[in-house]
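Read the structure below first, then the notes.
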Amino acid sequence: MRLARIAAFCAVSVFTAALAAPAVAQTPYDGNWQVTIVTKTGSCEPTASSTLTVADGKITAPGANVSGTIGSGGLVKVSINGAYANGQLSGNAGSGKWNGASAGIPCSGRWEASRQ
């Protein structure tokens with residue numbers, strides 16, 4: 001009986017320590033990013049900004065149809081609501097190009113991102 005209590009105490013201690021341990025980012029670019037796009041050609045909005053979240057190298061955003069990844073070297077490939085973007089992150093910033101359409105008319109431009 002005493003051995004069972006010691007084992008239970010050890011199990012609870014390990015579980016509690018695991019919950020209390022700080023989360024460690026899985027890739028160097030995990031976190032929240034403020035992204036601004038600028039339209040250079042076409043009839044899309046001239047500028048737009050959004051916050052994207054990167055977790056384990058996967059890109060998500062609330063309320064948006066986002067599918068994309070950021071490689072360990074910072075290479076960005078993403079689709080957001082039918083537009084496509086690629087580029088490069090380095091440290092806490094990045095930039096690249098995007099293309100999409102508005103009412104069937106092609107548009108394109110650049111994007112810039114900064115870690116929040």
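- Between the side chain of Asp30 and the main chain of Gly57, a donor-acceptor pair closer than 3.5 Å is present.
- A heavy-atom distance below 4.5 Å is found between the side chains of Leu52 and Ile80.
- Proximity of Trp98 to Cys44: side-chain heavy atoms (C-beta onward) are separated by under 4.5 Å at one or more points.
- Between Thr53 and Ile59 the shortest side-chain heavy-atom distance does not fall below 4.5 Å.
- In this structure, Glu112 contributes its side chain and Arg110 its backbone to no donor-acceptor pair below 3.5 Å.
- The line from CG of Asn92 to CZ of Arg115 is 4.5 Å long, rounded to the nearest 0.5 Å.
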- prompt: Given Leu89 and Trp33, is the side-chain contact (heavy atoms from CB on, under 4.5 Å) satisfied, shown in steps?
  reply: CA-CA 11 Å; Leu89 297 179; Trp33 290 80; 3.9 Å; yes
Considering only distance and modelled atom types, tabulate donor-acceptor pairs under 3.5 Å from the side chains of residues 63-76, sequence neighbours left out.
none

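- Nearest heavy atom pair, residue Ser90 against residue Tyr29, reads CA-OH, 4.0 Å.
- The list of side-chain hydrogen bond (donor to acceptor under 3.5 Å, both in side chains) pairs with a residue in residues 35-52, not counting sequence neighbours, reads Gln34-Thr51, Thr36-Ser49, Thr41-Ser108.
- Pairing each heavy atom of Gly104 with each of Pro106, the nearest pair is O-CD, 3.6 Å.
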